[in-house]
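Structure record follows, encoded as structure tokens.
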4 protein chains.
Amino acid sequence: MNRPRRTDPGRRERILDAVLDLIARDGSAGATYRSVAEAADVPMGSMTYHFPTRDDMLLAAFGRLAEQMQERFDQIMAEPLEGEDPRERVVQLIATHGAGYGRDMVLSAELYALAVRDERYRVLIQSWMERSRASLRRHFSADAAPVIDALHEGLVLHSHISTEPFDVDRVRSAVYRLIEPAPIPPADVPAQETP
Amino acid sequence: MNRPRRTDPGRRERILDAVLDLIARDGSAGATYRSVAEAADVPMGSMTYHFPTRDDMLLAAFGRLAEQMQERFDQIMAEPLEGEDPRERVVQLIATHGAGYGRDMVLSAELYALAVRDERYRVLIQSWMERSRASLRRHFSADAAPVIDALHEGLVLHSHISTEPFDVDRVRSAVYRLIEPAPIPPADVPAQETP
Amino acid sequence: MNRPRRTDPGRRERILDAVLDLIARDGSAGATYRSVAEAADVPMGSMTYHFPTRDDMLLAAFGRLAEQMQERFDQIMAEPLEGEDPRERVVQLIATHGAGYGRDMVLSAELYALAVRDERYRVLIQSWMERSRASLRRHFSADAAPVIDALHEGLVLHSHISTEPFDVDRVRSAVYRLIEPAPIPPADVPAQETP
Amino acid sequence: MNRPRRTDPGRRERILDAVLDLIARDGSAGATYRSVAEAADVPMGSMTYHFPTRDDMLLAAFGRLAEQMQERFDQIMAEPLEGEDPRERVVQLIATHGAGYGRDMVLSAELYALAVRDERYRVLIQSWMERSRASLRRHFSADAAPVIDALHEGLVLHSHISTEPFDVDRVRSAVYRLIEPAPIPPADVPAQETP
DNA sequence: GATGAATGAGCTTTCATTCAT
DNA sequence: CATGAATGAAAGCTCATTCAT
């Protein structure tokens, strides 16, 4: 009834988070101006002020999602490893996303569904993919990166669909087989170029 | 205006095909009773007779899709190979789906988006996955099958997102590395068990 | 799946009972061909065979209701009374219908709502009213009968609306005041005419 | 065709009146969003803005009806009577509602039909009943009020169903018999308590 | 006679978007 | 800048009724 909200910093972010929550729960179609406004406690009439069309809103939300997920990917991959086989990092990454992180899985799936039909969403994934690969190139060859990324994608996706329990050993064995036992690069080398 | 159409065999299939076409073009949300009825040239009032709820309709359509895609997967994998390395078949499969088959990609992506949130769609993919793996087990070990399947999934998906041209050689090299150079099994052996 | 039902006597009655049950639960609007067919375990396509229009069905159902309720009214009033004040019978009648018999109350209310707008339903109540009054004339004057009937109607109706507990004493006192203490007629006298 | 109608005060009331008109003519089921919008000359899309669900609309309309009918009841009962037997007022009330006021009768019947099944409508009648009784208590004992109210209800209802002409004398005789010939209270005494 | 299949009409409701303030 | 009020369009779904068999 009485929401003064003269200045409301962070409103934009709060809206976008609400959008993502609703998509996670009900799919992209579930994030309507109405449902989002209610979830974010924002007057409905203001929605179009911040995001002129519903599509603007979705695009912005998925943009935020892409950022967040890139960061997490980076964090796991970027930590310097002391004498550890970098392939173990990949295994960890797949295991982390494969078991749990259901919300992200749902959101990613929705994003992919939009991306295969709409350029604007596709570029979102493209830049995210590029950054993931850049992260991977810190430890692996430029040729290996896209393939590792694809295996990661497929394994995580399937693990969320399958009824079988997640099998880390099988993943490890696959990752080790896929990636040649490269010499562990020193931590300060930013990325490895293909010779 | 005057469509008697008292008996109309194949109507159900025509509807489902229309549903898939519309989903491919506009996403799941685009397959409304109205749009489908028009596309399939069926009176709107009849739609709910065949599919009481819109969800029934979508589920049936994706069921049909799963069948069709299983068949194609099977066909490529099932042909007997004479002295050929079976891994080449996998390469071919990925190349086929990676370049082109945009319609199937879009449909799959929509199906996954539904599957991660809804059990009923998930089982559709599960049975399809199981059959794909069974196909793969004709040539590879039971342990390798899920991983090959996942790599296939990830590479195809990424190739539809990426701007880079599809690189068969990189795929081949990845597939060969992932799968141990197993002795080519005789064509009449149905499936290979892990030792 | 397999309901042979070659001959199905009593089907008509089963249907009508189902209609009344549904009206009691959901109002007249709730008794659709579909809902009734399901409740009576009768094929939907057969409904229009027994009752060509929905209105025929409702009318028949309310006709059945009127019959049933007349019978109950008669039963309570018709029993010979030995030296008992007949006004006590009226009190009993009101008490019986006032507390409980919610189903009948709902059905009556629906019937009245139809009757005030539709002649065909009105005659149903008229004949039922006439019989009630005839019953009452067995014990009371022709002039008293309609008024007793009206008091009965009003008290029962209000008791189903009111939150106060049903108060028999107040009813008795009202009934006794309304009806002059007529001499108890011999049980074999069918009805009393106004002099 | 071109209705700017940016601001339209009284729109809400106009809608509710249209609802009652339609219910009077076609029953509760006849007051659809469509029919009401047309009757009140309001865009259909606006209906749900003012009344989010059809039930909200009906409830509001019957609320308005209850108010209107309370007022009329009050007016007839509240006028000070100079030396007149207050029981004559009751006779007049019954006569007024018994002959004519068909629209109100239809609306009341529909309201009762809803009330016996739905608490929300029931409270509407309850408050209306309470106010009627309060009005009656200005002239009669607290014990008599509910009974007079019930007789009123029953007689009016039956008079709208019956084919017989309305008989004022019979009503008067009944009312006088039911209510003890209380001493006429002075007009300024608000209500009479039971001794 | 009895019924499964079919459908035109209409219903309630949701929604993206507009716009005056 | 921000928003409450409003609305055209369309959605999912229900239903009485028809009719060939």
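Letters A, B, ... mirror the listed sequences (proteins, then strands); counts begin at 1.
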I need the [atom1]-[atom2] distance between [X] and [N], as an integer number of Å.
| X | N | atom1 | atom2 | result |
| --- | --- | --- | --- | --- |
| M57(C) | dC15(F) | CE | P | 11 Å |
| M44(D) | dA11(F) | CE | P | 14 Å |
| R34(B) | dG8(E) | CZ | C1' | 13 Å |
| Y33(D) | dA9(E) | OH | C1' | 20 Å |
| M47(D) | dC11(E) | CE | C1' | 13 Å |
| L22(A) | dC15(E) | CG | C1' | 15 Å |
| Y49(C) | dT17(F) | OH | P | 18 Å |

Q: Assign T48(A) to base, sugar-phosphate, or nothing according to its heavy-atom contacts below 4.0 angstrom with the strands shown.
A: base

Q. So what does S46(D) touch, heavy atoms closer than 4.0 Å: a base, only the sugar-phosphate, or nothing?
A. base

Q. Does a salt bridge link D41(A) with R14(A), judged by any charged N lying under 4.0 Å from a carboxylate O?
A. no

Q. Is the shortest distance from a Lys or Arg side-chain nitrogen in R64(D) or E67(D) to a carboxylate oxygen in the other one below 4.0 Å?
A. no

Q.
Quiz question: going by heavy-atom distance under 3.5 Å, is there a donor-acceptor pair between the base of dA11(F) and the side chain of R54(B)?
A. no

Q: Any strand is fair game: report the nucleotide pairing with dA5(F) by Watson-Crick or G-U wobble, both distances under 3.5 Å, or none.
A: dT18(E)

Q) Taking for each residue the nucleotide of DNA chain F bearing the nearest heavy atom, is the 5' side occupied by H50(D) or by S35(B)? A) H50(D)

(Q) Using 0.5 Å steps for rounding, measure from the CZ atom of R103(B) to the OG atom of S108(B). (A) 10.5 Å

Q. Would you find a donor on one side and an acceptor on the other, under 3.5 Å apart, between the side chain of S35(D) and the backbone of G30(D)?
A. yes

